[in-house]
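Notes to accompany the following structure.
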Amino acid sequence: MEYKFSEIEKKWQAAWKTSDAYKVSNTSSKPKYYVLDMFPYPSGAGLHVGHPLGYIASDIFSRYKRLKGFNVLHPMGYDAFGLPAEQYAIEHGVHPAVSTHKNIDTFRAQLDNIGFCYDWSREIRTCEPTYYKWTQWIFLQLFNSFYNTQKNKAEHISNLIDEFEKNGNASHACPSDATVQFTAAQWEAYSNQEQQQILMQYRLAFCGHGEVNWCEALGTVLANDEVVNGVSERGGHPVVKKKLRQWYLRITAYADRLLSGLETIEFSEAMKEMQSNWIGKSYGAEIDFKIASAALDTDATLTVYTTRPDTIFGVDFMVVAPEHDIIASITTKEQQIAVDNYIAYVKSRSDRERQAEKKISGCFTGAFAVNPFNGKQIPIWISEYVLAGYGTGAIMAVPCGDERDHKFAQHFNIPITNIIGDAYNGQEANSTKDAPLFNSDFLNGILMRDAIEIALAKIEARGIGKRKVNYKMRDAAFSRQRYWGEPFPVQWKNGVAVALDETELPLLLPAVDSYSPGPEGEGPLANIPAWVEKELETNTMPGYAGSSWYFLRYMDPHNTDSFCDRNVSDYWNQVDLYIGGTEHAVGHLLYSRMWTKVLFDLGHIGFDEPFRKLLNQGMIQGSSRFVFRKKGTQQFISAGLIAGQEVDKLHVDVNMVDGVELDMEAFKKWRNNEYANASFELENGKYICGVEVEKMSKSKFNTVNPDILVEKYGADTFRMYEMFLGPVDQSKPWDTKGIEGVHRFIKKLWRLFFDEEKGAVYNNEPASPEALKILHRTIKKIEEDTERFSFNTAVSAFMICVNDLADIKCHSTQVLSPLLVLLTPYAPHVAAELWTATGNQESILDASYPVFDAKHVTESSKEYPVSINGKVRTNISIALDASEEEVTAIVLADTLIQKWMEGKPVKKFIFVKGRMINVVV
RNA sequence: GCCCUGGUGGUGGAACUGGUAGACACGCAGGACUUAAAAUCCUGUUCGCCGCAACGCGAGUGCGGGUUCGAUUCCCGCCUGGGGCACCA
């Protein structure tokens with residue numbers, strides 16, 4: 001009997017489908033376990049070998065947990081709204097729903113090939129009205145809520161209105177504008193419109209104004225992705241910033257809880273660090289500086305935010321962001337032209353470019369601020385390195401303590417005040433907190449670290465500023481001027497946003513004739529008269545709306561009365577294991593954490609963190625292959641021979657290359673015989689290609705389609721090979737050539753059961769102690785490795801096990817059957833085939849997991865490596881229960897050891913039981 | 001620029017908590033079986049040096065320092081690949 005993987009895999013996939021083997025119930029006496037993959041965006045390029053890496057890992061873990069007796073929820077779906085489908089629609093006129101459907105079908109077929117254990121009856125697609133109805137519903141919850149800072153949770157907006165009617169907003173400061181203050185009487189006196197405007201500033205989903213990338217030539221707003229070097233990717237037109245009305249989510253209200261919540265979940269330290277850096281909580285002060293200009297009214301002040309109030313006497317200049325409102329009122333006549341020019345220059349630049357810029361640029365406003373402590377006049381500059389969105393959009397610059405300020409001062413010849421004595425060398429800034437202060441009046445001689453608190457107290461006492469906790473994180477922009485997204489369930493009546501009633505959901509995305517933007521850069525929905533007549537919002541929601549809560553819908557995907565029944569979400573609770581890439585570190589993972597907290601606050605679910613444990617999979621890079629064409633000819637030169645030649649370097653399809661050797665016949669037929677006339681200059685009869693590692697992408701011809709590998713080697717081989725490639729969380733280039741080794745392993749396993757000539761060779765004889773030792777060593781290793789997601793070493797352990805069993809010619813089912821159960825999560829098809837072939841009746845998917853028994857593997861002695869002065873000189877076998885005295889005696893009596901000791905006395909004898917021995921002489 | 005992360009043989013990687021560096025594979029070389037090939041099996045394979053061989057010597061985990069009896073692992077400085085940076089998903 002031969003290992004016919006193709007037949008076997010088809011057979012079992014069909015059998016599991018017919019028997020609904022992967023269907024999961026919402027009620028079970030077993031403990032629950034929820035394993036989730038980050039669902040894919042169904043791009044037109046289909047699945048490449050990078051996608052399944054995480055899916056295979058989650059599949060292995062789900063199957064493992066099932067064998068261990070858990071009721072495992074393991075669903076899959078599609079994040080189906082988004083820009084690429086819309087782009088495709090603009091270019092090809094195909095409705096996004098049509099191309100998305102087609103792409104999903106391709107993805108599904110590819111996923112099925114690999115033999116995943118998803119419960120497909122729970123599939124969701126974020127672009128389906130049955131799904132986005134509930135995305136819109138959650139938006140209404142956000143819109144109708146505010147953050148009660150007294151109780152530290154979200155509440156219905158009606159509670160806030162009650163409070164305003166009784167007490168005004170005295171105990172509920174306006175989160176976006178602290179100057180908004182009113183009494184109950186004033187509230188009553190406001191018009192409905194005024195009241196609504198105030199409420200908008202409290203809502204968790206609110207309207208405001210924000211800057212977008214605006215391309216006048218295309219008449220549209222561009223995503224950051226569509227802007228390259230300050231011009232549009234399509235057509236290369238100039239892009240500037242433009243202010244538009246936008247929806248936002250008040251994620252800043254949750255900044256502290258998003259931060260403290262990290263302590264309750266198992267994310268990697270790196271991931272937690274990225275999130276807390278993104279949130280960017282800092283403690284400091286806002287300090288008011290009066291403007292020193294007789295021409296201006298004397299009350300004008302510039303407020304800066306600083307985390308280092310201790311350096312107040314080292315301020316040599318101020319820098320305000322080019323967008324800062326104060327610029328218009330303080331710029332002097334002499335500087336006006338220079339300032340205008342500078343602001344125009346900055347307008348064309350992205351935040352990223354502004355921060356990354358090494359060249360120092362800036363412009364003096366002509367105005368001065370006054371240091372409130374010593375009356376010193378401080379010049380006010382504008383520079384792109386200060387961003388409007390952070391702090392107050394203005395900083396006090398202390399060149400001796402901040403590198404960027406220092407470079408700025410040097411560049412513009414601004415005199416530098418030294419407030420840290422010898423700690424400043426005059427050449428570069430020193431950002432220490434551990435130097436005593438100089439030239440600092442009442443802070444002189446005090447360590448900076450301690451001076452911070454003293455300065456804060458003084459600033460508050462004198463009323464020139466106040467303590468302030470600041471966050472780098474900004475509220476999340478939540479609207480797009482696009483078509484392919486969820487419509488907002490909102491109508492605009494007399495300038496007031498009015499939420500639709502729940503009963504009106506879903507608000508269906510209407511058909512459009514054109515995907516072009518509406519007038520003034522609005523979304524395509526603005527082109528539909530019926531839509532505009534109803535005064536419906538013309539923006540749509542961003543890609544992350546649907547993905548912020550999808551893990552809840554899987555629990556109860558067909559519910560028509562609720563996004564997810566409370567009893568069901570109480571049962572499944574948090575996602576126990578979430579697998580996906582780090583590229584979502586600060587986007588999706590923060591948004592879904594916020595949405596979960598809001599739903600929790602409002603009582604819709606019973607937990608406030610969505611993901612109990614997160615495993616990040618690495619990125620699979622493509623390994624590109626190149627051929628070298630002699631300039632102006634059809635002659636291709638092998639990589640080793642190109643030195644000194646003028647050649648063009650061309651990407652070739654990696655699938656035509658075996659390792660680095662080009663299949664020349666395939667190459668000639670490639671791209672419709674484009675290279676039919678190619679001639680080759682070979683080395684040792686072979687054409688050797690150039691190699692480079694880059695992002696896996698269709699245009700680089702370095703994508704590898706899993707279908708081809710599954711066809712050639714089978715799904716089991718493919719699954720195990722992806723795992724064998726390396727640690728699941730590490731990025732690595734794809735290379736197909738090692739797959740043979742894994743395939744050989746499975747064939748070797750097969751031969752433990754069936755011989756091509758002899759037929760069945762397995763037997764029911766009692767297993768030898770050696771065989772049991774091999775089995776139990778493997779049970780321990782596989783269980784440990786699977787638990788810690790070390791799938792590559794688990795595959796290696798399987799190989800060692802099969803090699804060892806083959807060496808001792810063990811064919812006993814007493815050993816082989818438990819081995820198959822261990823293997824099921826990794827290679828389910830071949831395991832199931834051999835399991836039934838050896839006479840088992842029950843399904844291997846629910847077999848009982850083998851239990852490790854230490855008695856089979858205990859050793860009585862150990863080959864100790866013995867070092868002299870840290871260099872291993874010999875190995876000595878010593879009983880494991882030997883005492884240190886016995887060991888010392890044995891080692892020192894060894895002739896080889898005596899030779900290396902050269903008669904010197906023992907200085908130190910180090911004995912680590914079960915590990916090693918080191919003699920220091 | 002800022003944040004995170006990686007760097008070990010010809011290649012992918014192993015070494016889990018400071019304790020024999022290179023497990024397991026790929027590739028390569030040689031051999032067995034075969035008319036031949038495929039498949040399979042066996043042997044060798046970090047580098048350098050000495051050599052008939054050795055359970056010989058030396059070096060060695062990106063580079064330079066440090067701590068330690070002992071460092072791929074911990075500390076300091078540097079070089080370099082990858083991911084993210086708020087409208088790609």
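Quick caveat, the model's predicted, so the values are computed rather than measured. Chain letters run A, B, ... following the sequence lines, proteins first, then strands; residues in each count from 1.
At least one donor-acceptor pair closer than 3.5 Å links the side chain of A:Asn103 to the backbone N or O of A:Pro42. At least one donor-acceptor pair closer than 3.5 Å links the side chain of A:Asp475 to the backbone N or O of A:Ile251. Under a 3.5 Å cut-off, the side chain of A:Arg125 and the backbone N or O of A:Ala80 do not form any donor-acceptor pair.
Considering only the side chain of A:Asn792, B:rG13 comes nearest among B:rA89, B:rU20, B:rG13. Among B:rU20, B:rC87, B:rA59, the nucleotide with an atom closest to any side-chain atom of A:Val212 is B:rC87. You'll find that the side chain of A:Asp225 is closest to B:rC88, out of B:rC88, B:rU20, B:rA86. Comparing B:rG19, B:rU11, B:rC41 against the side chain of A:Arg751 picks out B:rC41 as the nearest. Taking the side chain of A:Leu725 as heavy atoms from C-beta on, and the options B:rC16, B:rG12, B:rG19, the nearest nucleotide is B:rG12. With B:rC87, B:rC88, B:rU20 as the candidates, the nucleotide lying closest to the side chain of A:Val872 is B:rU20. Side chain of A:Gln481, nearest nucleotide from B:rC87, B:rG58, B:rG12: B:rC87. Nearest to the side chain of A:Met473, among B:rA89, B:rU5, B:rA86, sits B:rA86. Comparing B:rC3, B:rG83, B:rC42 by their nearest atom to the side chain of A:Thr582 picks out B:rG83. Nearest nucleotide to the side chain of A:Lys862, out of B:rA59, B:rU20, B:rG82: B:rU20.
Per the geometry, OH belonging to A:Tyr550 stands 15 Å off P belonging to B:rA89, to the nearest Å. Here B:rC85 presents its C1' atom at 10 Å from CZ of A:Arg474, a figure rounded to the nearest Å. To the nearest angstrom, P of B:rG84 lies 13 Å from CG of A:Asn224. In this structure, CZ of A:Phe754 is placed 19 Å from C1' of B:rU40, rounded to the nearest angstrom. Atom-to-atom, CG of A:Leu614 to C1' of B:rC4 comes out at 14 Å; the value is rounded to the nearest Å. Rounded to an integer number of Å, the gap from NE2 of A:His584 to P of B:rA86 is 16 Å. We find that NZ of A:Lys272 is positioned 15 Å from P of B:rC4, with the value rounded to whole Å. Spacing between atom CD of A:Glu86 and atom C1' of B:rA89 amounts to 14 Å, rounded to whole angstrom units.
Nearer to the 5' terminus of RNA chain B, by closest-nucleotide assignment, is the contact made by A:Met274 (compared with the other of A:Arg788 and A:Met274).
Remark: B:rC2 base-pairs with B:rG84; criterion is Watson-Crick or G-U wobble with both hydrogen-bond distances under 3.5 Å. Using Watson-Crick or G-U wobble geometry with both donor-acceptor distances under 3.5 Å, B:rA54 finds no partner in any strand shown. As the counterpart of B:rG70, no nucleotide is assigned, since no Watson-Crick or G-U wobble pattern has both distances under 3.5 Å. Nucleotide B:rA39 forms no Watson-Crick or G-U wobble pair with any nucleotide shown, as no partner meets the under 3.5 Å limit on both distances.
Residue A:Asn539 forms a side chain to side chain donor-acceptor pair (under 3.5 Å) with just one option from A:Arg482, A:Gln481, A:Glu522, and that option is A:Gln481. Tested against A:Tyr515 for a ring pair (Phe, Tyr, Trp, His ring centres under 6.0 Å), the candidates A:Tyr88, A:Tyr483, A:Trp484 yield a single pass: A:Tyr483.
Around atom NZ of A:Lys407, no more than 12 heavy atoms belonging to other residues, nucleotides or ligands sit under 6.0 Å away. No more than 12 heavy atoms of other residues, nucleotides or ligands shown are found within 6.0 angstrom of NZ on A:Lys780. When the shell of 6.0 Å around CZ of A:Arg788 is examined, it contains more than 12 heavy atoms from other residues, nucleotides or ligands.
Taking only side-chain nitrogens and oxygens, A:Arg352 never comes nearer than 4.0 Å to OP1 or OP2 of B:rC2. Proximity of A:Arg480 to the phosphate of B:rC87: a side-chain N or O atom is located under 4.0 Å from OP1 or OP2. Using a 4.0 Å cut-off, some side-chain N or O of A:Lys747 falls inside it from OP1 or OP2 of B:rU40. Using a 4.0 Å cut-off, no side-chain N or O of A:Arg777 falls inside it from OP1 or OP2 of B:rA23. The side chain of A:Gln730 places an N or O atom within less than 4.0 Å of a non-bridging phosphate oxygen (OP1 or OP2) of B:rG13. Proximity of A:Asn875 to the phosphate of B:rU20: no side-chain N or O atom is located under 4.0 Å from OP1 or OP2.
Counting non-hydrogen atoms under 4.0 angstrom, A:Thr793 reaches the backbone sugars and phosphates but no base. Across all strands shown, A:Val912 has heavy atoms under 4.0 Å from base atoms, whether or not it also approaches the sugar-phosphate. When heavy atoms are screened at a 4.0 angstrom cut-off, A:Gln246 is found touching base atoms of the nucleic acid. Within the nucleic acid shown, A:Lys907 has no heavy atom closer than 4.0 Å to any nucleic acid atom.
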Between the protein and nucleotides 67-74 of chain B, which nitrogen or oxygen pairs are less than 3.5 angstrom apart?
residue, atom, partner, partner atom, Å
B:rC69, O2', A:Asn918, ND2, 3.4
B:rC69, O2, A:Asn918, ND2, 2.5

Got a list of protein N/O to nucleotides 24-34 of chain B N/O distances below 3.5 Å?
residue, atom, partner, partner atom, Å
B:rC24, O4', A:Ser796, OG, 3.4
B:rA25, OP1, A:Asn803, ND2, 2.4
B:rC26, OP1, A:Arg744, NH1, 2.3

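Rounded to whole Å, the separation between the C1' atoms of B:rU68 and B:rC75 comes to 12 Å. Here the separation of B:rU45 from B:rA53, taken at their P atoms, is 13 Å to the nearest Å. Annotation: B:rC74 and B:rG84 have their P atoms spaced 26 Å apart (nearest Å). Look at the C1' atom in both B:rC52 and B:rG56: the space between them is 13 Å, to the nearest Å. B:rG66 and B:rC16 are spaced 26 Å apart, taking the C1' atom of each and rounding to whole Å. B:rU8 and B:rC63 have their C1' atoms separated by 15 Å, with the value rounded to a whole Å. One C1' atom belongs to B:rU46, the other to B:rC28, and the distance between them is 14 Å to the nearest Å. On the P atoms, B:rU61 is 15 Å away from B:rU11, given to the nearest whole Å.
Taking CH2 from A:Trp214 and CG from A:Leu244, the interatomic distance works out to 7.0 Å, rounded to the nearest 0.5 Å.
Ring pair A:His743/A:Phe5 is perpendicular by interplanar angle, where above 60° counts as perpendicular and below 30° as parallel. The aromatic rings of A:Phe791 and A:Tyr826 lie perpendicular to each other, with more than 60° between the two planes, well past the 30° mark. Relative ring orientation between A:Phe798 and A:Phe745 is described as tilted, the plane-to-plane angle lying within the 30° to 60° band. Note on ring orientation: taking the six-membered ring where Trp is involved, the planes of A:Tyr550 and A:Phe39 are parallel (angle under 30°, cut-offs 30° and 60°).
Note on A:Arg354 versus A:Glu323: salt bridge recorded, some NZ/NE/NH1/NH2 to OD/OE distance being below 4.0 Å.
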